[in-house]
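First the structure, in the form of structure tokens, and then the observations on it.
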Protein chains: 2
Amino acid sequence: MKHDTATSDTPDRKPSRIQLENRKRILDAALGLFSSQGFRGTTLDQIADACGMHKPNLIYYFESKEAIHIALLNSLMAEWLSPLEAMDPDGDPLEEMLRYIRRKMEMSREFPRESRLFANEIVQGAPRMLPHLESTLKPLFDKQCGIVNRWMHEGKLTQMHPAHLIFSIWAVTQHYADFEAQIAVLLPGDTKRARGAETFVEDMFRKLLTP
Amino acid sequence: MKHDTATSDTPDRKPSRIQLENRKRILDAALGLFSSQGFRGTTLDQIADACGMHKPNLIYYFESKEAIHIALLNSLMAEWLSPLEAMDPDGDPLEEMLRYIRRKMEMSREFPRESRLFANEIVQGAPRMLPHLESTLKPLFDKQCGIVNRWMHEGKLTQMHPAHLIFSIWAVTQHYADFEAQIAVLLPGDTKRARGAETFVEDMFRKLLTP
DNA sequence: TCGTCACTTTACCAACTGGTAAAAAAATTC
DNA sequence: GAATTTTTTTACCAGTTGGTAAAGTGACGA
């Protein structure tokens with residue numbers, strides 16, 4: 001008979017305050033480590049150290065190391081996609097696109113760990129995220145591509161392939177988080193860098209999208 | 001007394017044909033595995049299997065697993081940077097830029113493993129590549145930024161921050177290799193995809209760079 | 001043909017790593 | 001405040017992994 005734990009799948013009562021808090025501590029520590037060392041490069045002991053717990057305690061709150069990774073990806077996915085979701089079909093097309101781009105740059109600056117976590121996962125073939133991409137991202141992506149496409153046909157934006165446009169926005173904005181190590185070498189002088197990047201990217205896409 | 005091996009640092013005679021061949025086999029297998037699973041996610045046994053050798057044989061040719069990784073990064077770096085190096089200060093500015101972009105797209109399509117190997121390394125903070133970035137990439141990058149900058153001041157290209165321009169070229173072109181798993185989900189229909197991406201990216205930067 | 005050197009294979013190991021068992025300690029409930 | 005449940009800690013284990021020791025095999029020149 002299996003011991004009853006916080007990860008039991010029997011119809012649990014609502015998780016206690018301690019459970020919610022400790023789960024959050026674990027996920028936060030795991031985010032830092034997984035994003036900078038990858039899944040395989042991170043050990044349970046490292047996660048435990050980083051959040052001041054002991055290894056078996058992690059397994060008390062999550063079934064396995066992989067369960068931590070999956071919980072992390074799932075819990076961050078919605079937030080990560082919220083800017084795309086927020087694109088308003090009734091807004092001004094150019095302003096909506098630039099607002100989206102600005103929000104993506106802001107997230108790249110404010111949440112580089114999240115960006116790198118997803119980058120790590122996708123570069124390695126998205127082994128634990130493919131179903132999620134199919135079921136969650138794909139429908140949203142198709143919908144927003146449709147909106148952008150309509151804007152283009154109405155002459156409000158330069159005509160181009162909407163999917164590739166969105167790819168290029170993702171590529172450029174996330175590049176600043178994902179490849180920060182390289183950028184820091186090539187463009188020292190931390191202070192102005194973020195602002196320089198943000199005005200560059202906004203100007204670039206404004207010029208590109210203005211019909 | 002240490003055994004004399006192919007990795008000995010005593011003044012070796014030139015490596016035999018077998019050595020060259022086996023080193024290449026190992027590096028090729030390692031490229032496939034490191035690029036799709038990361039350094040920590042790849043085991044020596046996997047590499048050995050992939051090239052039909054036994055584990056201790058790898059250590060005969062390379063001091064350690066890390067030495068394989070470093071040798072791989074070093075041996076690919078020059079090739080990876082050759083398109084940037086090939087930018088001709090005396091050529092037509094717009095054509096030179098577009099040629100560079102086309103070559104980067106081509107490499108993303110033909111050498112996705114290399115792209116992902118570097119992506120993995122840099123996302124994780126470039127632990128084994130930072131010195132190389134400082135010593136090799138940085139000077140080249142600064143030089144080519146200077147060229148681009150001159151072109152802009154001569155009115156041959158749209159004025160913008162040359163470093164960020166190059167970042168955006170890297171971001172967009174390498175995105176197609178590094179995030180292929182995601183793109184395959186969002187834009188199925190393998191056949192036209194590569195061509196679509198290439199015309200999109202070229203058109204995008206042509207519009208952006210044309211003064 | 002013999003000896004030397006380059007290369008390969010087998011057997012092995014110590015450290016690490018994900019995970020478990022179970023006792024101890026807190027917290028909560030009655 | 002005793003009983004019970006939840007959470008933490010200690011001790012441990014089996015499988016994996018990077019790497020070594022050393023014997024074995026083959027090639028090649030004298």
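Chain A is the first sequence line, chain B the second, and so forth, proteins listed ahead of strands; every chain is numbered from 1.
Checking C:dC7, D:dT8, D:dT20 against every side-chain atom of A:Asn57, the shortest atom distance belongs to D:dT8. Set against C:dC7, D:dT6, D:dG19, the side chain of A:Tyr60 has D:dT6 as its closest nucleotide. The side chain of B:Ser64 approaches D:dG19 more closely than any other nucleotide in the set D:dG19, D:dT8, C:dT8. Here the nucleotide nearest the side chain of A:Lys55, chosen from C:dT8, C:dG18, D:dG18, is C:dG18. The side chain of B:Pro56 has D:dT20 as its nearest neighbour among C:dG19, C:dT8, D:dT20. Which of C:dT8, D:dT8, C:dG19 sits closest to the side chain of A:Asn22 comes down to D:dT8.
In this structure, the ring of A:Phe118 has its center no less than 6.0 angstrom from the ring center of B:Phe179.
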>> Please determine whether ring-ring contact (aromatic ring centres under 6.0 Å, His included) holds for the pair A:His164 and B:Tyr176, giving the CA-CA distance in whole Å, both sets of side-chain angles, and the decisive distance to 0.1 Å.
In response: CA-CA 10 Å; A:His164 288 289; B:Tyr176 285 99; 5.6 Å; yes
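Qualifying side chain to side chain donor-acceptor pair (under 3.5 Å) partners for B:Asp45, counting only residues two or more places apart in sequence or in other chains: none.
Taking 4.5 Å as the limit, every side-chain heavy atom of B:Gln37 sits out of range of all side-chain heavy atoms of A:Phe39.
Between A:Phe167 and B:His175, the ring planes lie tilted relative to each other; the angle falls in the 30° to 60° range.
Using a 4.0 Å cutoff on non-hydrogen atoms, the parts of residues 25-45 of chain A near DNA chain D are A:Arg40, ordered by number.
Considering only side-chain N and O atoms, A:Gln19 lies nowhere under 4.0 angstrom from the phosphate OP1 or OP2 of D:dT6.
With hydrogens and angles ignored, the 3.5 Å screen pairs no side-chain donor or acceptor of B:Ser108 with any backbone N or O of B:Met105.
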